Amino acid sequence: MAIQWYPGHMTKARRMIAESMPSQDVIIEVLDARMPQASENPVVAELRGQKPCVKVLNKSDLADPAVTKAWLRHLEAEHPAPGDASREASPGGKVLAIALSATQSSEARRRIPELCKRLAPPKTGPGKVVRAMIVGIPNVGKSTIINTLMERKVAKVGDEPAVTKSQQLVTLKSGMAISDNPGILWPKIDDEAASFRLAVGGAIPDTAIDYQSVALFAAGYFLRRYPELLVARYKLKDLPETAAALIEEIGRRRGCLRGGGAVDLHKASDILVHDFRAGRLGRISLEEPPGLEEPSGIEESA
């Protein structure tokens, strides 16, 4: 499922970020903890160049905690921490990573500015404050983090992509200045697996995806990686052998039936995808860093 689109607000957002980038000391890139690699926008890496970056793995309360820890190790292993003379500087600049959940407001207010100041170049003189820009793909939780840092609602929050429409600048109590920007996706997503992960996680508008294809991808992955969560959520007596069979079984158990007793596959697919997005299945990560082996043996389709 390669996705290609050219929405006007995405182009505008990219231009705003490009124009603001030179004046920033640090970039705060918000990633989805359930899919850190798929939600890492290559446009951001291109625009930030050598600027240091704090990578925030948001929604970590929805992700597999063991996998999130592995991602944190992987991200920081790729980039030397400040003061680490044992490794050469990486092409993308220094990176520090942190995982945050929806309940860790005080942790976010303490740790994000702390990491930004650690990475920012030294500043001297009156009025010299650290300037940071928060970026990320749509629906990853940038506005929620801005509101948390400010301890009040200054950015609109929603559960659909592209809620933030324009750039805004806020100043924290510490004096640090942070600019918030609309989420941007790159114009063409060629990696099929990444496309599916983004769609399952809600980064791509539902109007641009085929729910049944997305649900088949999700069902196949869940069967391989988290079968026990499926059994518990849908009270399955036996684990279906294929992704298609799983969706059929969910439809039957949730009453998604048409005339003649046929399962409404679209409704059943909708249930599976939204159960994942809401965390009702349990803590699930959609991808793992290199070095972690993924179980195999379940067919993804009929």
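What you see is a predicted model, and the numbers here were worked out from it, not measured in a lab.
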Is the shortest heavy-atom distance from the side chain of [X] to the side chain of [Y] under 4.5 Å?
X      : Y      : value
Arg109 : Met150 : no
Leu236 : Glu249 : yes
Ser285 : Met35  : no
Leu281 : Tyr234 : yes
Leu31  : Trp71  : no
Val67  : Pro289 : yes
Leu100 : Leu57  : no
Val273 : Val214 : yes

I need the minimum non-hydrogen distance between [X] and [Y], along with the two atoms involved.
X      : Y      : value
Arg277 : Ala199 : NH2-O, 2.7 Å
Tyr226 : Asp64  : OH-OD2, 2.9 Å
Arg283 : Ala63  : NE-O, 2.9 Å
Ile250 : Ala268 : CG2-O, 4.2 Å
Val26  : Cys116 : CG2-O, 3.4 Å
Thr68  : Ala99  : CG2-CB, 3.7 Å

Inset, instruction - Could you please spell out the steps behind the side chain to side chain contact (heavy atoms under 4.5 Å, CB included) verdict for Val135 and Ile17? - result: CA-CA 8 Å; Val135 295; Ile17 291 172; 4.0 Å; yes

To the nearest 0.5 angstrom, please state how far the [atom1] atom of [X] sits from the [atom2] atom of [Y].
X      : Y      : atom1 : atom2 : answer
Ser195 : Ile209 : OG    : CD1   : 11.0 Å
Gln104 : Ile145 : CD    : CD1   : 11.0 Å
Met133 : Cys53  : CE    : SG    : 10.0 Å
Lys142 : Asn147 : NZ    : CG    : 12.0 Å
Glu40  : Glu29  : CD    : CD    : 5.5 Å
Asp25  : Lys128 : CG    : NZ    : 10.0 Å

Could you tell me whether the side chain of [X] and the main chain of [Y] form a donor-acceptor pair under 3.5 Å?
X      : Y     : value
Arg14  : Val43 : no
Arg48  : Ile27 : no
Glu287 : Ala38 : yes

Inset, instruction - Might you work through the side chain to side chain contact (heavy atoms under 4.5 Å, CB included) test for Glu192 and Phe217, ending with a clear yes or no? - result: CA-CA 10 Å; Glu192 184 174 57; Phe217 172 85; over 6 Å; no

Inset, instruction - Evaluate the side chain to side chain contact (heavy atoms under 4.5 Å, CB included) criterion for residues Met176 and Thr171: first the C-alpha distance (whole Å), next the side-chain angles of each, then the deciding distance (0.1 Å), finally the verdict. - result: CA-CA 6 Å; Met176 191 170 114; Thr171 303; over 6 Å; no

Inset, instruction - Establish, yes or no, whether a centroid distance under 6.0 Å links the rings of Tyr221 and Phe196. - result: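 No, they do not, as the ring centres are separated by 6.0 Å or more.
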
Inset, instruction - For side chain to side chain contact (heavy atoms under 4.5 Å, CB included), just list the numbers for Arg280 and His274, CA-CA rounded to whole Å, side-chain angles, deciding distance to a tenth of an Å, and then say yes or no. - result: CA-CA 8 Å; Arg280 288 188 286 266; His274 282 90; 4.1 Å; yes

Legend entry - In one Ile/Leu/Val/Met/Phe/Trp/Tyr side-chain cluster, 4.5 Å: Leu62, Ile284: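 Different hydrophobic clusters.
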
Inset, instruction - Report the residue from Asn139, Ile137, Leu198, Val140 that forms a side-chain contact (heavy atoms from CB on, under 4.5 Å) with Asp32. - result: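 Of all the options given, the one that passes is Val140.
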
Between [X] and [Y], does any side-chain N to carboxylate O distance fall below 4.0 Å?
X      : Y      : answer
Glu288 : Arg225 : yes
Asp264 : Arg258 : yes
Arg118 : Glu114 : no
Lys55  : Glu76  : no
Glu228 : Arg233 : no

